Every structure is written in structure tokens, then in C-alpha cells.
Amino acid sequence: MKEGKEEIELIKEGKRLDGRGFDELRPIKIEVGVLKRADGSCYFELGDNKVIAAVYGPREMHPRHAQDAKMAVVKFRYNMAPFSVDDRKRPGPDRRSVEISKVSREALDPVIMREYYPKTAIDVYVEILQSDAGTRTAGINAASIALADAGIPMKDLVSSVAVGKIDGEIVLDLNAIEDNHGEADMPVAMVARTNTITLLQMDGRLEREEFERGLKLAMGACHQIYELQRAALIDRYSESVDVGEGEA
Ligand code: UDP
């Protein structure tokens, strides 16, 4: 258990409190192109997490001195709405949101072909409307889809999920009770098709063997999420883009 936390039984008769098995994701719902004024957008639900990602750009970068003459600058703002959590969250940026914005940008950066758009900015906004742990992973999944929806050239999508340890067991996709009272939480993001990890963080402690098992579990789940992301994009564009069998 993480230090200073009250002990709660999180696994009963081999099931988690919400009835999931150890290697089960929460239900995922994806909608692409939900915002009229954004160049690309996505609504993403992961269990009780509800997030929206909006992408603007590539557009002229201001201030000019911050421009990169060779490539686009990607900006990422993660924001948790005051009403998204049980205890009202104070509005505005804090250390946590600055950290999550930074690691999320770095998780997406390797797939964005920034060299196509020198001197421009690509703005990615992630708004957490309802939160139940794993918001950074939901935000990365949503942002990745919103970037594709904006038509920004990308090498691939990025998929993300957390694994953790509760009551001594390695489990997938922790919810808030599990995150608060568990022993460890490890968010992962990856380019599923190439198995390239672009984000790996850990809060708490894992043995080496647990870490390896957890990483494998997360990587498998990222493949599942990738298929859902891809299906949501194909669904959105199937009328305008001809996607043949085994292509796309
Ligand atoms: N949380 C909260 N208030 C805060 C920050 C976090 O209630 O100011 C909750 C929220 O449910 C969040 C969870 O704690 O999803 C886990 O937060 P963490 O920092 O681990 O990030 P996340 O798992 O959401 O990426």
C-alpha cells in the first residue's frame, strides 16, 4: 500500500470491487470529431473517466521567437475541470497538470511528423470532465485520435493504459479506489504497431518480476485500445475514405 493510505480490501473472491478480472480494461467509448471549432477532436470514455481532446493547427506560432525554423512546436495542455472530482479541484494549472501536460506531449511527439510544418504550432487541449484515475492515459488516447482527426501527418497512433498492484496482485487499468488504496500505479503509452514505449511512469513500488509482468499486461492492452482507436477513426471517415480489406 502507498504510504499514509487507509487499508481497504480491493480484491474479494478473485474479483476486483467493480467486478473486473485482473487483466480487464474498463469499458471504452470513443467519438471522433465532436467539436465544430477545433481542427480535430475526440471524446473518450474509460469507465467513469470522461475526457475531451481538441487539436488546433498547424497554425502560426506566437510569440514568434518561440518558433522552430525546422519544425512545428507541439503544445499540450491537460486540464482537470473543478467538477471532475469528488472534492472540487481548484481551477487552473498546478504541478500535477504541468507534469501530465509535459509527459503527454512527450508521449505523442515521436509519432507527429513535425518537420512538415516549420514555424507553426500544434495546440492540443485535453479537458477532464469526469475523473476516476487513469485520466492521463485517457487523455493521450483521445489526443492521439484528435490529432489524426485534424489531419496532422502521423507515423501512427499512440495508445495508453495504466497497470498497477492492488492487494499484492498485478492488475490492469486501475480505477480511483484502486489507485488511492493500492500499492503501485504505472501508466504506459506506446505505439502499438511497433511496440515502442513513449511514456512510462511509476508511483509506488514493484518487484522487477512484477514490473515485467505489468508492462507485458499494459502492452497487450495498448494493442486492444489501438484497435478501438483505429475503428473509431475508420467509422468516422468510412463515408469519405475508401478503406479496403486489410489496408488502412
Ligand atoms: N484526483 C483527485 N483530485 C486531484 C487529482 C487527482 O481527485 O486534484 C484523483 C482523480 O480521480 C485522478 C486520480 O486521483 O484520476 C489519480 O490521479 P493521478 O495523479 O494518479 O493521475 P491519473 O491516474 O488520473 O492519470
Side-chain angles (χ1 to χ4, degrees), residues 1-8 10 16-18 20 22 24-30 42-53 76-108 124-146 158-167 170-190 197-206 211 214-215 217-219 221-222 225 229:
M1 174 156 120
K2 288 182 202 165
E3 274 169 35
K5 295 282 164 74
E6 180 196 346
E7 202 154 340
I8 287 188
L10 295 168
R16 297 155 72 176
L17 294 182
D18 60 7
R20 278 186 293 157
F22 298 169
E24 235 180 284
L25 280 168
R26 287 175 283 184
I28 289 176
K29 188 178 149 194
I30 306 174
C42 175
Y43 171 74
F44 196 98
E45 267 182 31
L46 173 67
D48 284 336
N49 292 299
K50 298 186 177 188
V51 323
I52 280 208
F76 192 112
R77 196 196 70 170
Y78 166 102
N79 182 55
M80 198 175 228
F83 52 80
S84 70
V85 284
D86 281 339
D87 300 321
R88 178 183 177 275
K89 190 211 160 275
R90 208 166 156 237
D94 52 19
R95 282 171 58 132
R96 177 177 173 276
S97 64
V98 171
E99 174 221 316
I100 294 179
S101 299
K102 176 183 184 288
V103 297
S104 301
R105 180 178 52 76
E106 290 170 354
L108 293 163
V124 183
Y125 296 92
V126 163
E127 296 289 328
I128 310 299
L129 307 176
Q130 187 169 285
S131 122
D132 191 45
T135 59
R136 78 194 63 198
T137 69
I140 291 168
N141 291 329
S144 171
I145 296 170
V158 175
S159 311
S160 180
V161 75
V163 283
K165 185 175 170 186
I166 57 168
D167 290 0
I170 298 299
V171 300
L172 185 66
D173 187 22
L174 275 61
N175 64 23
I177 290 196
E178 294 174 332
D179 186 34
N180 278 337
H181 299 280
E183 292 115 82
D185 173 34
M186 183 168 91
V188 175
M190 68 184 269
I197 297 197
T198 62
L199 173 138
L200 182 62
Q201 297 184 282
M202 196 195 299
D203 183 16
R205 279 186 190 197
L206 293 176
F211 166 77
L215 188 58
L217 189 57
M219 289 174 82
C222 282
I225 293 168
Q229 290 172 298

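Small disclaimer: the values here were computed from a predicted structure and weren't measured. Numbering of ligands and ligand atoms starts at 1, following listing order.
- Annotation: Ile100 places no N or O atom under 3.5 Å from an N or O atom of ligand 1; distance criterion only.
- Taking 4.5 Å as the limit, every side-chain heavy atom of Leu10 sits out of range of all side-chain heavy atoms of Arg16.
- A salt bridge links Asp18 to Arg20: one of the charged nitrogens lies within less than 4.0 Å of a carboxylate oxygen.
- Atom CD1 of Ile177 has 12 or fewer heavy atoms from other residues, nucleotides or ligands within 6.0 Å.
- Here's the thing with Lys89: none of its N/O atoms is less than 3.5 angstrom from an N/O atom of ligand 1.
- Set against the non-hydrogen atoms of Asp179, the atoms of ligand 1 under 4.0 Å away are 13 (C), 16 (C), 17 (O), 20 (O).
- Taking any N or O of Thr137, backbone or side chain, none lies under 3.5 Å from an N or O belonging to ligand 1.
- At a heavy-atom distance under 4.0 Å, only side-chain atoms of Val85, from C-beta outward, approach ligand 1.
- The shortest N or O to N or O distance between Asn49 and ligand 1 is not under 3.5 Å.
- Between the side chain of Glu99 and the backbone N or O of Arg96 there is no donor-acceptor pair closer than 3.5 Å.
- When only modelled atom types and interatomic distance are considered, Asn141 and Ser144 share no side-chain donor-acceptor pair under 3.5 Å.
- For ligand 1, the polar-atom distance check against Asn180 finds no nitrogen or oxygen pair separated by under 3.5 Å.
- The closest side-chain heavy-atom distance from Leu215 to Val163 is not below 4.5 Å.
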